[in-house]
**Q** 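Okay, here's the structure, questions in a sec.
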Amino acid sequence: MKKQDLDWSNLGFNYRPTHKRFVSNWKDGAWDEGCLTENDTVTISESAGVLQYSQSCFEGLKAYTTVDGRIVTFRPDLNAERMYNTCIRLEMPPYPKDKWVEAVEKVVAANEDFVPPYGTGASLYIRPFMFGSAPVIGVKPSKEYQFRIFTTPVGSYFAGPIKPIYITVSDFDRAAPNGTGHVKAGLNYAMSLHPLMEAHRAGFDENMFLDSKTRTKVEETGGANFLFVTKDGTVVTPKSPSILPSITRRSLIYVAEHYLGLKVEEREVFFEEVPDFAECGLCGTAAVISPVGQLNDHGKTIVFGKGLEEPGPTILKLRETLTGIQMGEIEAPEGWIHEIKC
Ligand SMILES: *Cc1c(COP(=O)(O)O)cnc(C)c1O
């Protein structure tokens with residue numbers, strides 16, 4: 001199929017509708033067959049569960065073209081599983097995991113000409129999401145739900161060289177100790193917007209959130225997990241029941257251990273240890289891993305390696321190796337690369 005005529009290398013990260021999206025509705029206790037549709041709008045009651053009590057959740061993954069021209073997604077089974085767990089926590093009906101992956105395949109295949117060519121750094125971002133669609137007024141779960149998957153082409157997160165970012169410790173909390181921090185609920189993002197904008201207004205790119213119970217341990221940012229590297233090259237990532245289990249982070253620590261032969265520790269990370277780390281990065285689907293050069297702690301600056309000048313070597317190596325695996329340039333572990341037959 002002839003590709004869309006887009007400036008693939010300068011797409012940015014914006015919503016741009018593509019041909020088809022997948023829609024399935026849950027009613028009377030069951031999901032319908034689902035179908036692809038050209039309709040990019042949703043019409044629901046003004047009293048829908050999502051509008052009144054924020055019953056919504058989402059996922060995010062990418063389709064892209066490998067070096068040998070295959071269209072693939074990266075570990076979509078893990079996104080299916082995470083959304084399943086999110087739904088259970090939000091009293092929403094989970095969408096069957098195998099059907100979930102099939103639906104992703106269908107949407108990507110239907111928008112094949114929007115999957116950016118290899119080498120552009122761009123990808124087709126896939127956004128599966130679910131929301132309560134039936135009217136509620138008393139506080140209770142909606143009786144009906146809609147599951148949708150749309151796709152939109154996005155540019156490389158880093159246009160040009162990878163520049164380290166400057167983040168700040170936030171005095172806001174991201175997640176309660178026994179709350180919803182570990183699931184991908186829209187509500188986690190709604191309440192992170194104010195801390196994010198406050199950070200931006202103060203000149204920082206992102207927040208570092210601490211555990212809300214003791215405020216002594218590193219959690220994550222609004223949308224990415226932390227990965228640190230010690231001075232002797234050990235990769236350390238925070239472990240906490242209120243962190244969202246990033247698929248990128250889980251993949252990177254596997255790469256660190258099995259491809260780069262590094263020691264990996266997944267454990268509680270105390271904030272007081274942070275100044276001792278040599279490197280710091282943020283992991284998520286959008287950026288893979290984005291280096292943090294500086295961290296502001298209430299007016300005191302913590303500098304990692306060469307600070308804002310250049311990214312640390314281990315983070316760069318991790319990034320290159322994982323992107324190489326994703327692009328089919330380096331052999332992938334079994335099951336990581338999921339080919340889409342168009
Ligand atoms: C989605 C998300 C991440 C990143 O997860 P990936 O699976 O790597 O994309 C990290 N933190 C939060 C809070 C998230 O919502």
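Remember, it's 1-based here, ligands and their atoms both numbered in the order they're listed.
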**Q** For E219 and S242, which I'm curious about, is there any donor-acceptor pair between the side chains at under 3.5 Å?
**A**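 There is such a pair (donor and acceptor under 3.5 Å, judged by atom type) between the side chains of E219 and S242.
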**Q** With hydrogens left out, which residues have an atom under 4.0 Å from ligand 1, given that only heavy atoms count?
**A**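 Around ligand 1, where the cutoff is 4.0 Å for heavy atoms, the contacting residues are R82, R174, K184, Y189, E220, G222, G223, A224, N225, L244, S246, I247, T248, G284, T285.
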**Q** Are a donor atom and an acceptor atom from the side chains of H298 and D171 found within less than 3.5 Å of each other?
**A**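 Judged by distance alone, the side chains do pair up.
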**Q** For K99, is there an ion pair with E102 - N to carboxylate O distance below 4.0 angstrom?
**A**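 Salt bridge between E102 and K99, a charged N being under 4.0 Å from a carboxylate O: no.
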**Q** Charged N to carboxylate O below 4.0 Å: is that the case for E273 and R267?
**A**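 A salt bridge is present here (some side-chain N lies under 4.0 Å from a carboxylate O).
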**Q** Relative to F22, does K106 satisfy both conditions: NZ or CZ under 6.0 angstrom from the six-membered ring centre, and within 45 degrees of the ring's axis?
**A**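 Negative - K106 is either too far from the ring of F22 or too far off its axis.
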**Q** Would you mind writing out the side-chain donor-acceptor pairs for residues 176-184 within the sub-3.5 Å range, not counting sequence neighbours?
**A**
| from | atom 1 | to | atom 2 | distance (Å) |
| --- | --- | --- | --- | --- |
| T180 | OG1 | N188 | OD1 | 2.8 |

